[in-house]
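Inspection log for the structure reproduced underneath, given as structure tokens.
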Amino acid sequence: PLAHEISPASKPSPVTLCRPGAQVLATMDSNLLAFLTRLNKLAKKRSLPMDDTALPEGLRRLLTLAFAVPPKEGSEKKTTTENPLEFFGGLVLGLPKLLANGVEFIGDVALSIGNAMRGKSDMRMQDFFEAVYECGVRALPIVSIVSLLFGLILAFVGAVQLKQFGAQIYVAGLVGIGMIRVMGAVMVGIVMAGRVGAAYAALIGTMQVNEEVDALATFGFSSTDFLVLPRVLALTVMIPLLTIYADMMGILGGFLVGVFMLGLHPLEYLTATIDMVPFSHAIIGLVYATTFGIIIAMTGCYQGMRCGRSAAAVGQATTAAVVQGIVWIIIDTAIITVICNILDV
């Protein structure tokens with residue numbers, strides 16, 4: 001039983017002695033020791049003498065050891081429940097510090113870019129090329145599969161309605177405009193946020209835990225130049241190129257549906273795609289992709305640089321990098337789309 005279940009009521013009690021018996025004790029575990037500890041504290045609180053002579057010798061030694069050193073003041077674990085008002089209040093109060101950290105990080109990256117342009121950066125070109133290979137070449141398989149399947153899906157969805165009017169040829173324009181203008185960049189951005197953004201946060205976060213970032217500062221190297229700048233530049237360069245590749249794979253998916261399921265001639269499909277998709281859509285898609293690259297790299301590196309000094313903090317930073325990267329990609333897409341509609345482009 002729990003200690004409070006056998007404690008006397010608040011009214012005067014005839015109990016004058018606390019003597020736990022263990023005559024029939026066969027086996028025991030740590031729960032028994034925890035119970036006896038609580039029982040001992042309860043007896044002292046009610047000024048009752050505690051007689052443990054009936055306990056096994058080993059258990060008595062453990063019980064004596066439990067009270068050998070008095071507990072440190074305030075060391076007890078306190079369970080507090082936070083109501084919704086306190087939760088949102090904490091978020092509001094922490095917002096200025098969060099914004100200050102974000103602005104400070106953006107400023108550090110801007111200064112690093114300025115130093116790189118003047119040839120005074122600590123960035124190694126080896127790190128830049130390794131980041132290019134990691135976020136470019138090694139991302140081709142997943143980008144290929146996702147973009148090809150998305151082009152197939154987009155063509156299927158459009159064909160369901162267009163076949164009713166005998167306008168199957170417009171599937172080429174639907175897939176071409178959808179992929180080249182926005183969806184190719186968005187799909188690449190989401191894939192890279194989950195693949196590369198998380199990797200950046202985990203890598204730099206682990207370096208924080210191992211105090212490698214502090215070691216760089218000790219040796220006089222700028223951690224932003226050394227760790228953040230090559231990854232930001234690599235993603236900013238590679239995501240537009242991956243977007244062009246994803247656009248072609250998406251158009252290939254629509255091509256397969258149009259030719260093999262809708263009965264269109266291959267040359268007819270390609271000609272319709274060229275005629276229906278203006279070059280301005282490709283420029284807009286590259287604008288999307290460039291901003292996505294900056295967002296993913298900045299989010300992943302920011303979470304890594306602000307990571308705590310524990311294994312759990314690395315996992316939290318990785319999760320936050322992916323979630324925030326995807327959210328900011330969606331917000332950025334909405335902003336650029338509104339701007340394009342205002343400018344009528």
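Among pairs with a residue in residues 189-201, none fulfils side chain to side chain donor-acceptor pair (under 3.5 Å), at least two apart in sequence or across chains. Here side chain to side chain donor-acceptor pair (under 3.5 Å) pairs that include residues 320-336, with residues two or more places apart or in two chains, are T291-D332, Q303-Q324. For the side chain to side chain donor-acceptor pair (under 3.5 Å) condition, the pairs that include at least one residue of residues 93-113, sequence neighbours left out, are S112-D225. The list of side chain to side chain donor-acceptor pair (under 3.5 Å) pairs with a residue in residues 236-253, not counting sequence neighbours, reads S144-Y245.
R138 CZ: 12 or fewer foreign heavy atoms inside a 6.0 Å radius. No more than 12 heavy-atom neighbours from other residues, nucleotides or ligands sit within 6.0 angstrom of OH on Y170. Annotation: M117, atom CE; neighbour count of heavy atoms from other residues, nucleotides and ligands within 6.0 Å does not exceed 12. Counted within 6.0 Å of CE on M276, heavy atoms from surrounding residues, nucleotides or ligands total more than 12; the atom is thus considered enclosed.
We find the CD1-CD1 distance between I251 and I177 to be 10.5 Å, quoted to the nearest 0.5 Å.
Taken together through direct or relayed side-chain contacts under 4.5 Å among Ile, Leu, Val, Met, Phe, Trp and Tyr, M183 and V345 form part of one hydrophobic cluster. Clustering ILVMFWY residues whenever any of their side-chain heavy atoms sit less than 4.5 angstrom apart, transitively, puts I294 in the very cluster that holds V228. Hydrophobic clustering keeps L241 apart from L235 (ILVMFWY residues linked when any side-chain heavy atoms are closer than 4.5 Å, directly or through intermediates). Hydrophobic clustering, with ILVMFWY side chains joined whenever heavy atoms are under 4.5 angstrom apart, keeps L152 apart from L174. Under the 4.5 Å side-chain heavy-atom criterion for grouping Ile, Leu, Val, Met, Phe, Trp and Tyr, M298 is not connected to I330 through any hydrophobic cluster.
In this structure the side chain of M179 reaches within 4.5 angstrom of the side chain of F150, judged on heavy atoms. Contact of the I296 side chain with the I329 side chain is registered, since non-hydrogen atoms from C-beta on lie closer than 4.5 Å. The closest side-chain heavy-atom distance from R124 to P230 is not below 4.5 Å. Here the side chains of C340 and I284 are in contact, with some heavy-atom distance below 4.5 Å. Looking at heavy atoms from C-beta onward, F226 lies out of side-chain contact with M123 at the 4.5 angstrom threshold. Counting heavy atoms from C-beta outward, V314 and C307 have side chains that approach closer than 4.5 Å.
Every residue two or more places apart in sequence or in another chain was checked for a salt bridge (charged side-chain N to carboxylate O under 4.0 Å, His left out) with D122, and none qualifies. By the ring-ring contact (aromatic ring centres under 6.0 Å, His included) test, F156 is found to be paired with no residue, residues two or more places apart in sequence or in another chain being considered. Applying the side chain to side chain donor-acceptor pair (under 3.5 Å) rule to N40 yields no partners; only residues at least two apart in sequence or on another chain are considered. The side chain to side chain donor-acceptor pair (under 3.5 Å) test applied to E130 returns Q126, not counting sequence neighbours. In this view, D214 and R309 satisfy the salt bridge (charged side-chain N to carboxylate O under 4.0 Å, His left out) rule, not counting sequence neighbours. With sequence neighbours left out, the side chain to side chain donor-acceptor pair (under 3.5 Å) criterion links Y288 to T337.
Shown here for D51 and R19, the closest heavy-atom pair between the two residues is OD2-NE, 2.8 Å. Between V175 and G151, the shortest heavy-atom distance links the atoms CG2-O, 4.2 Å. Between G136 and L242 the shortest heavy-atom distance is O-CD2, 3.9 Å. For L36 against M50, the heavy-atom pair with the smallest separation is O-CE, 4.5 Å. Pairing each heavy atom of L229 with each of S121, the nearest pair is CD2-OG, 3.7 Å. Closest approach of G300 and A321 over heavy atoms only: CA-CB, 4.0 Å.
Hydrophobic side-chain contacts under 4.5 Å tie F88 into a cluster, directly or through other members, with F87, L91.
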Scan the side chains in residues 262-274 for donor-acceptor partners under 3.5 Å anywhere in the protein, sequence neighbours excluded, and list what turns up.
unit_1 : atom_1 : unit_2 : atom_2 : d
H265   : ND1    : L267   : N      : 3.1
E268   : OE1    : H265   : N      : 3.4
Y269   : OH     : G254   : O      : 3.3
Y269   : OH     : F255   : N      : 3.4
T271   : OG1    : L267   : O      : 2.8
T273   : OG1    : Y269   : O      : 2.9

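Remark: the backbone N or O of N31 is paired with a side-chain donor or acceptor of D29 at under 3.5 angstrom. Within the 3.5 Å criterion, the main-chain N or O of E86 finds a donor-acceptor partner in the side chain of N83.
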Start with the C-alpha gap between R60 and D52, add the side-chain angles, then the distance that decides, and say whether side-chain contact (heavy atoms from CB on, under 4.5 Å) holds. CA-CA 7 Å; R60 290 171 60 188; D52 58 0; 4.0 Å; yes
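Using the six-membered ring where Trp is involved, F105 and Y302 have ring planes that are perpendicular, over 60° apart on the 30 and 60° scheme.
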